[in-house]
Amino acid sequence: MTIWTDLTGIDFAVRTVEAAGVPTRTLIAGEGPDVVFLHGTSGHLEAFSRNFVPHVEAGLRCHAIDALGHGYTGKPNYPYEIPRYVDHLVGYLDAMGIDRANLVGESLGGWTAGWLASERPERVRTLQLVAAGGTKANPEVMARIKATTTKAALEDDIALTRDRLHLLMYDGERDVSEELVEIRYRIYHRPEFQANLHNLLCLQEMEIRQRNLMQPDRLRRITAPTLIVWGSQNPFGDVPEARAMQENVSGSELRIFNNCGHWPQHEHADEFNRLSIDFISSHQ
């Protein structure tokens with residue numbers, strides 16, 4: 001299975017959109033209510049290739065963007081703290097004429113989406129927090145993200161990029177294709193990505209992370225219908241972290257996928273797609 005075949009059966013476009021002054025790579029397909037997929041730290045829009053066709057066939061207009069400083073999106077030279085990601089996301093929504101979006105955020109993308117939902121509830125129709133980061137500052141996890149990403153980006157050995165992707169998955173042999181490895185390796189080894197790595201990884205520094213955390217009072221400000229999706233073997237956050245999120249976001253739902261790591265939308269795509277589509281459809 002390749003990303004090309006993941007997208008078979010729908011018309012789609014890969015474009016560059018100016019979002020808050022930043023050239024932003026986006027994958028767009030479908031017609032209907034807008035769904036915006038947001039990837040995690042050091043990721044890129046291909047993280048959602050297994051989700052597009054079912055969502056488009058369900059009558060949704062889907063977007064997946066490379067986040068600020070990530071993938072092939074522009075890389076302004078300043079630290080990427082969460083309000084910066086939020087401003088960039090709002091810039092994308094504005095550029096695309098989207099008043100209210102259904103947001104599906106994985107890891108860093110969930111952190112960004114949750115922050116926006118707490119600050120600008122009028123912009124968020126529904127919210128999916130998929131293995132979302134941002135509620136804890138675990139030094140061991142932060143060090144692992146920083147070390148593995150830095151090593152994979154600055155050393156030439158493609159095996160390091162493969163290892164970085166395997167870290168995300170419960171079963172990397174099944175879910176990490178060589179195509180995905182090659183895509184990420186090429187992104188990591190672009191000179192502008194390497195030069196900007198310190199800005200991209202700033203949230204793995206304790207002082208910076210602490211001031212960007214989604215504290216319980218912020219989570220309690222989220223009023224959008226919210227679905228929390230978690231993997232039982234998430235290497236970057238245990239299940240109690242997800243349960244605490246559910247307790248603080250009023251009316252939120254929690255679904256835990258067994259035999260699943262940090263990419264539920266990819267590792268258990270069929271189950272995730274049914275869940276996501278039903279959730280979005282029930283709140284339109």
Side-chain angles (χ1 to χ4, degrees), residues 10 12-22 24-40 43-45 47-49 51-68 70-71 73 82-134 214 218-219 221-229 245 249 251-253 264-265 272-273 275-284:
I10 60 171
F12 63 89
V14 178
R15 297 171 46 192
T16 298
V17 172
E18 199 78 8
V22 179
T24 301
R25 184 175 72 132
T26 178
L27 170 67
I28 306 172
E31 297 292 337
D34 290 284
V35 180
V36 181
F37 295 100
L38 306 166
H39 62 74
H44 36 87
L45 62 81
F48 299 100
S49 66
N51 312 117
F52 258 64
V53 169
H55 283 77
V56 168
E57 291 179 343
L60 298 165
R61 184 188 188 209
C62 294
H63 313 247
I65 66 172
D66 285 347
L68 178 69
H70 287 66
T73 285
I82 295 301
R84 297 276 198 181
Y85 287 115
V86 170
D87 288 346
H88 177 248
L89 173 57
V90 171
Y92 179 80
L93 299 180
D94 290 345
M96 298 301 297
I98 302 170
D99 292 329
R100 296 179 73 204
N102 300 284
L103 298 180
V104 182
E106 179 265 327
S107 192
L108 171 65
W111 193 348
T112 302
W115 195 284
L116 175 57
S118 72
E119 291 282 332
R120 301 281 303 276
E122 76 280 1
R123 302 306 301 264
V124 181
R125 187 178 297 276
T126 66
L127 176 65
Q128 294 183 50
L129 302 175
V130 183
M214 287 201 294
R218 180 172 292 279
L219 292 170
R221 286 159 50 189
I222 294 174
T223 57
T226 300
L227 172 65
I228 301 164
V229 181
M245 224 179 288
V249 180
S252 61
E253 306 171 33
Q265 84 287 352
F272 175 84
N273 289 331
L275 177 65
S276 172
I277 292 164
D278 288 347
F279 177 74
I280 292 168
S281 299
S282 68
H283 294 288
Q284 295 308 303

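Annotation: the span from I28 atom CD1 to R15 atom CZ amounts to 4.5 Å, rounded to 0.5 Å. To the nearest 0.5 Å, the span separating CG on N273 from CZ on F52 amounts to 11.0 Å. Rounding to the nearest 0.5 Å gives a distance of 10.5 Å between CZ of F272 and CZ of F279. L103 contributes atom CG, which lies 10.0 Å from atom OG1 of T112 (distance to the nearest 0.5 angstrom).
Between W111 and Y85, every side-chain heavy-atom pair lies at or beyond the 4.5 Å cut-off. Residues R61 and V35 are not in side-chain contact: their nearest non-hydrogen atoms beyond the backbone lie 4.5 Å or more apart. Residues L89 and L38 have side chains in contact (heavy-atom distance under 4.5 Å, counting atoms from C-beta outward). I65 is not listed as a side-chain neighbour of R25, based on a closest heavy-atom distance of 4.5 Å or more. Counting heavy atoms from C-beta outward, L227 and T126 have side chains that stay 4.5 Å or more apart. Annotation: side chain of N102 is in contact with side chain of Q284 (closest heavy-atom distance under 4.5 Å).
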*Step by step, would you call V22 with L68 a side-chain contact (heavy atoms from CB on, under 4.5 Å)?*
CA-CA 8 Å; V22 179; L68 178 69; 3.9 Å; yes
*Step by step, work out the side-chain contact (heavy atoms from CB on, under 4.5 Å) result for L27 and F12.*
CA-CA 7 Å; L27 170 67; F12 63 89; 3.5 Å; yes
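Between the T73 side chain and the G71 main chain, no donor and acceptor come within less than 3.5 Å of each other. In terms of modelled atom types and a separation under 3.5 Å, the side chain of N51 and the main chain of Q265 share a donor-acceptor contact. Of the possible polar contacts, none joining the H70 side chain to the D66 backbone as a donor-acceptor pair under 3.5 Å is found. Of the possible donor and acceptor atoms, none in the side chain of S282 sits under 3.5 Å from a partner among the backbone N and O of I280.
For the pair I222 and G114, the tightest heavy-atom approach, listed with the atom from each and the gap, is CD1-O, 3.7 Å. Nearest heavy atoms, V124 versus A117: CG2-CA, 3.8 Å. Between I228 and S252, the shortest heavy-atom distance links the atoms CD1-OG, 3.9 Å. Contact between I10 and A29 at its shortest, heavy atoms only, is CD1-CB, 3.9 Å. Closest of all the heavy-atom pairs between I277 and P54 is CD1-O, 3.4 Å. Considering all non-hydrogen atoms of both residues, A19 and T24 come closest at CB-OG1, 3.5 Å.
Within the structure, salt bridge (Lys or Arg N to Asp or Glu O under 4.0 Å) contacts touching residues 92-114 (residues at least two apart or in different chains) are D94-R123.
For E31, there are no salt bridge (charged side-chain N to carboxylate O under 4.0 Å, His left out) partners two or more places apart in sequence or in a different chain. Taking A20 as the reference, nothing meets the side-chain contact (heavy atoms from CB on, under 4.5 Å) condition, with sequence neighbours excluded. Under the ring-ring contact (aromatic ring centres under 6.0 Å, His included) criterion, H88 pairs with no residue at all, not counting sequence neighbours. In terms of the side-chain contact (heavy atoms from CB on, under 4.5 Å) criterion, residue partners of R218 (sequence neighbours excluded) are, by chain and number, W115, S118, E119, M214, R221.
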Report all side-chain donor-acceptor pairs from residues 127-134 shorter than 3.5 Å, counting only partners two or more places apart or in another chain.
unit_1 : atom_1 : unit_2 : atom_2 : d
Q128   : OE1    : S276   : OG     : 3.3
Q128   : NE2    : S276   : OG     : 2.9

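Just one of I98, V17, V104 meets the side-chain contact (heavy atoms from CB on, under 4.5 Å) condition when paired with H63; it is I98.
The aromatic rings of H39 and H44 are tilted relative to each other, their planes meeting at an angle between 30° and 60°.
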